[in-house]
Asks: 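There's a structure below that I have some questions on.
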Protein chains: 2
Amino acid sequence: MGEPDGARTGDAGACHEPAAVRGREILARIGDKWSLEVIALLGDRPHRFSELRRGIDGISQRMLTVTLRGLERDGIVDRTVTPVTPPRVDYALTDLGRTLLCNVVSLFGWVEDHLGEIDKARLEFDLRDAEARALREA
Amino acid sequence: MGEPDGARTGDAGACHEPAAVRGREILARIGDKWSLEVIALLGDRPHRFSELRRGIDGISQRMLTVTLRGLERDGIVDRTVTPVTPPRVDYALTDLGRTLLCNVVSLFGWVEDHLGEIDKARLEFDLRDAEARALREA
DNA sequence: CAGAATCCCTCAAGATACTG
DNA sequence: CAGTATCTTGAGGGATTCTG
């Protein structure tokens, strides 16, 4: 940590990148391993840190913290500290976060609607692939 | 290579995973570094391999191949080989790919509409963060 | 309870070289 | 031209430890 340099996650002052890049950046955030589950839970109601931890199977406290920080930084979630002992921290979706959730939900709708096709495509691909592979070794 | 086992990219026969996991899986695919740009280009019109390579700045031929294979496996893009010398391979969106493109476009719309808010949130976050950091060292 | 700091390891991206 | 086969590197993520 020698240099408390500006750049945070590698996107520094990326404010003037082409829209496609910014778009991918956002998609990458919500497409990462945990963000979506956090957003989904918070879409229901606000949660405390430990509630999220229990609610998301397999997440480490480190990754929960990292994920929440990223979402907070992007203005997707709101963090409220209540200075009591032991400390209490609540997380909730911001207005921005809620509008994002809407889009994500509709994308999920697409996924549900087409899961069958996707699985079918994979099966066929893997089959063709296995055939080709078998031929090469013959 | 030793075991030509079933599993391909680590999702094996993931057909019965919870919807949330499948959704994240798809988001992760389209949120990866190159898929979106490929889909965007193909949304315009079919492209040859080398056209895509030239059209996507900074992609290596390996990553283009890997990306295309993933999209093909999921039934998003269609691969057509014309057996001539030198070989000619064309890629195009499938019907499934086109419906996905629609959703992606609307998600991009959201990003464009809220880029300002996101950037503002980041600026404020980084500022608060820097303040807190400065205080700790005092 | 909620997190910060640290270490470590895996896996995917990238560069490079070779081939049908 | 359109790939495949290796190798190296680096970021993402897990386990553990320490603290206000």
Side-chain angles (χ1 to χ4, degrees), chain A residues 1-2 4 7-12 24-25 28-38 46-73 77-91 129 132-133 135-137, chain B residues 1-2 4 7-12 24-25 28-29 31-38 46-73 77 79-91 129 132-133 135-137:
Chain A
M1 285 178 273
R8 187 139 239 56
T9 32
D11 52 4
R24 211 183 42 67
E25 180 196 323
R29 163 157 313 298
I30 66 176
D32 76 8
K33 199 171 181 182
W34 303 110
S35 291
L36 267 184
E37 292 180 69
V38 170
H47 284 69
R48 299 186 55 174
F49 185 89
S50 47
E51 283 182 308
L52 290 171
R53 184 143 163 54
R54 278 190 301 271
I56 300 174
D57 192 65
I59 197 171
S60 65
Q61 113 279 43
R62 180 185 183 277
M63 286 318 296
L64 181 54
T65 300
V66 169
T67 301
L68 285 168
R69 283 290 175 282
L71 293 171
E72 189 197 354
R73 184 166 113 93
V77 311
D78 187 44
R79 178 169 176 269
T80 309
V81 181
T82 310
V84 294
T85 43
R88 175 194 179 99
V89 182
D90 290 272
Y91 292 90
D129 193 61
R133 192 172 296 259
L135 267 160
R136 315 206 78 233
E137 299 188 1
Chain B
M1 293 139 262
R8 186 138 243 50
T9 34
D11 52 5
R24 209 182 45 66
E25 178 195 324
R29 164 156 314 295
D32 77 9
K33 200 172 183 186
W34 305 110
S35 292
L36 270 184
E37 293 179 68
V38 171
H47 284 68
R48 297 185 55 172
F49 186 89
S50 47
E51 283 183 308
L52 290 171
R53 184 142 164 53
R54 279 191 300 271
I56 301 174
D57 192 64
I59 197 171
S60 64
Q61 109 281 41
R62 180 184 182 278
M63 287 317 296
L64 180 54
T65 300
V66 170
T67 301
L68 285 168
R69 285 288 176 285
L71 293 172
E72 189 196 354
R73 183 166 113 94
V77 311
R79 179 169 177 269
T80 307
V81 182
T82 309
V84 293
T85 42
R88 176 195 178 98
V89 181
D90 290 272
Y91 291 90
D129 192 61
R133 192 171 297 256
L135 266 160
R136 316 206 79 232
E137 298 189 1

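Just so we're on the same page: letters track the sequence lines, and every chain starts at 1.
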Asks: For A/D78 and A/T80, which heavy atoms make the closest approach, and how far apart are they?
Replies: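 That closest heavy-atom pairing would be OD2-OG1, 3.8 Å.
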Asks: Compare side-chain N and O positions of B/W34 against OP1 and OP2 of C/dA12 and report whether any pair is under 4.0 Å apart.
Replies: no
Asks: Specify the separation, in whole Å, of atom CG of A/L52 and atom C1' of C/dC1.
Replies: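 Taking CG of A/L52 and C1' of C/dC1, I get 13 Å after rounding.
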Asks: Give a yes/no on whether any side-chain N or O of B/Y91 is located under 4.0 angstrom from OP1 or OP2 of D/dC1.
Replies: no
Asks: Write out a two-atom table: protein N or O, nucleotide N or O from nucleotides 16-20 of chain C, distance below 3.5 Å.
Replies:
from, atom 1, to, atom 2, distance (Å)
C/dA17, N6, B/Q61, NE2, 2.8

Asks: Where each residue is assigned the nucleotide of DNA chain D containing its nearest heavy atom, which of A/M63 and B/R79 is assigned the position nearer the 5′ end?
Replies: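 Its nearest nucleotide lies further toward 5', so the answer is B/R79.
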Asks: Could you check which of D/dG3, D/dC1, C/dA2 has an atom nearest any side-chain atom of A/S50?
Replies: C/dA2
Asks: Check the distance between C/dC1's C1' and A/L64's CG and give it to me in whole angstrom.
Replies: 13 Å
Asks: Find the distance B/E51:CD to D/dC1:P and express it as a whole number of Å.
Replies: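 From B/E51 CD to D/dC1 P: 11 Å.
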Asks: Just wondering, do B/Y91 and B/V38 contact through their side chains at under 4.5 Å, heavy atoms?
Replies: no
Asks: Do the side-chain N or O atoms of B/R53 get closer than 4.0 angstrom to the phosphate oxygens (OP1, OP2) of D/dG3?
Replies: no
Asks: Using side chain to side chain contact (heavy atoms under 4.5 Å, CB included) as the criterion, point out the one residue from A/D32, A/L36, A/I30 that pairs with B/R24.
Replies: A/L36
Asks: Taking 4.0 Å as the cut-off, does a side-chain nitrogen or oxygen of A/K33 come that near to OP1 or OP2 on D/dG14?
Replies: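 Yes, A/K33 has a side-chain N/O under 4.0 Å of OP1/OP2 on D/dG14.
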Asks: If I take atom CZ in residue A/F49 and atom C1' in nucleotide C/dA2, what distance separates them, rounded to the nearest angstrom?
Replies: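 Roughly 6 Å, once rounded to whole Å.
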Asks: Verify side-chain contact (heavy atoms from CB on, under 4.5 Å) between B/L71 and B/R29, making sure each step is shown before the conclusion.
Replies: CA-CA 8 Å; B/L71 293 172; B/R29 164 156 314 295; 3.8 Å; yes
Asks: Output, in order, the C-alpha distance, side-chain angles, deciding distance and verdict of side-chain contact (heavy atoms from CB on, under 4.5 Å) for A/R88 and A/D90.
Replies: CA-CA 7 Å; A/R88 175 194 179 99; A/D90 290 272; 2.8 Å; yes
Asks: Using atom CD1 of A/I56 as one end and atom P of D/dG14 as the other, report the distance to the nearest whole Å.
Replies: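 Roughly 12 Å, once rounded to whole Å.
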Asks: At their closest point, which heavy atom of A/W34 faces which heavy atom of A/D57, and how far apart are they?
Replies: CZ3-O, 3.8 Å
Asks: If every non-hydrogen atom of B/R79 is compared with every non-hydrogen atom of B/V89, which pair is closest and at what distance?
Replies: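 Closest approach of B/R79 to B/V89: CG-CG1, 3.8 Å.
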Asks: Can you measure A/H47 atom NE2 to C/dA2 atom C1' for me and round it to whole angstrom units?
Replies: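 Roughly 16 Å, once rounded to whole Å.
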Asks: Please give, in whole Å, the distance from D/dG12 C1' to A/R69 CZ?
Replies: 18 Å
Asks: Could you state the CZ-C1' distance from A/R48 to C/dA2, rounded to the nearest angstrom?
Replies: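 After rounding, the reported distance stands at 9 Å.
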